[in-house]
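Quick note: numbers below take in every heavy atom, side chains included, and nothing from hydrogens, waters or symmetry partners. Order of listing sets the numbers, starting from 1, for every ligand and every atom in it.
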Amino acid sequence: MSIAKNIAQVRERINAATRRVGRDPREITLLAVSKTFPPERIREAYAAGLRVFGENRVQEFSGKAGSLRDLADAKWHLIGHLQTNKAAKAAELFSAIDSVDSLKLAQKLNAAAVQLGKKLPALIEINIGGEEAKSGVVAGSPELEAILAGAPQLDHLEIVGLMTIPPFTDDPRQARPYFQKLRELRDMIAARRLPAVRLDVLSMGMSHDFEVAIEEGSTCVRLGTTIFGERART
Ligand SMILES: *Cc1c(COP(=O)(O)O)cnc(C)c1O
């Protein structure tokens, strides 16, 4: 099926999910996860109206970014784990970093953004299932508190929300409690009214569970397979 058709169907499903819970579909950003796909596919999605894209590797996107520069109003989000030694490169290439998981990384990104003279929106990635092998900070951990406490010193990195990848389950309904937990965490932190911490964005929901995520308050769904098709195994 064509990318344009996939996008039209996804929009229908987003609309239906928001309707079920009385939300406005305009609250939901559709972020197209274009990792592993070549620039031509990204252009098709752009032509079909998408403007927000997600890539999970600095290296891979660095190879594609040059040939996509003419898409001036497209936004490029880094959604994968970022090592501190690649922070400067990431700050240069991307419009936003959705996977901040340590204060040290946040500081490196901020320093790079200062150098570049740009403001970099960022999400804190939360390991909501507390899984051993997953990146992200655990709710209630000292690292999360360190990032929140450090935010006022980061004047070029704007914390605007939280992101999570819940533990994988075959049945999307089993992801619901994790989405609820992320929303509750957001509400708890927001209630503290911390300086320089804005939590408008809840990035949660992927191809197999985005409708459940929307029902639980997601404001950004990250969709790869449902838009571009299956990824080749690398
Ligand atoms: C790959 C990826 C996605 C998209 O996954 P699909 O199941 O193909 O929709 C979303 N978020 C992150 C962080 C990813 O790495």
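Paired with Glu125 under the rule side chain to side chain contact (heavy atoms under 4.5 Å, CB included), one option of Val137, Val100, Ile165, Leu162 passes, and it is Ile165.
No part of Thr226 comes within 4.0 Å of ligand 1, judged by heavy-atom distances. When heavy-atom distances to ligand 1 are checked against a 4.0 Å cut-off, His208 has no atom that comes that close, whether in backbone or side chain.
Nearest protein heavy-atom neighbour of atom 5 (O) of ligand 1: Met206 CE, 3.6 Å. With hydrogens left out, the protein atom closest to atom 1 (C) of ligand 1 is Lys35 NZ, 1.4 Å, a heavy atom. Nearest to atom 11 (N) of ligand 1 among the protein's heavy atoms is Arg222 NE, 2.9 Å. Looking only at heavy atoms of the protein, atom 9 (O) of ligand 1 is closest to Ser207 OG, 2.5 Å.
The heavy atom nearest to atom 4 (C) of ligand 1, out of those in Leu31, Leu78, Val33, is found in Val33.
The N/O atoms of Thr225, backbone and side chain alike, include one that comes under 3.5 Å of an N/O atom in ligand 1. Ligand 1 has no nitrogen or oxygen under 3.5 angstrom from a nitrogen or oxygen of Ile79.
Against a heavy-atom cut-off of under 4.0 Å, Leu223 is close to the following atoms of ligand 1: 9 (O). Every atom of ligand 1 with a heavy atom of Gly224 under 4.0 Å away is listed here by number and element: 4 (C), 6 (P), 8 (O), 9 (O). Within the listing of ligand 1, atoms 13 (C) sit less than 4.0 angstrom from a heavy atom of Ile165.
Nearest approach of Ala112 to Ala88, heavy atoms of both residues: CB-CA, 3.7 Å. Considering all non-hydrogen atoms of both residues, Val160 and Pro121 come closest at CG2-CB, 4.3 Å.
A distance-only check finds no donor-acceptor pair linking the side chain of Thr164 to the backbone of Met204 [under 3.5 Å]. Counting only distance, with no hydrogens or angles, the side chain of Lys134 and the backbone of Pro166 share a donor-acceptor pair below 3.5 Å.
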Tell me, with the steps shown, if Phe94 and Trp76 meet ring-ring contact (aromatic ring centres under 6.0 Å, His included). CA-CA 5 Å; Phe94 289 95; Trp76 310 100; 8.4 Å; no
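Evaluation of the side chain to side chain donor-acceptor pair (under 3.5 Å) rule for Tyr46 yields Asp73 as partners, not counting sequence neighbours.
Aromatic ring pairs are classed by plane angle as parallel below 30°, tilted from 30° to 60° and perpendicular above 60°; the pair His208 and Phe168 is tilted.
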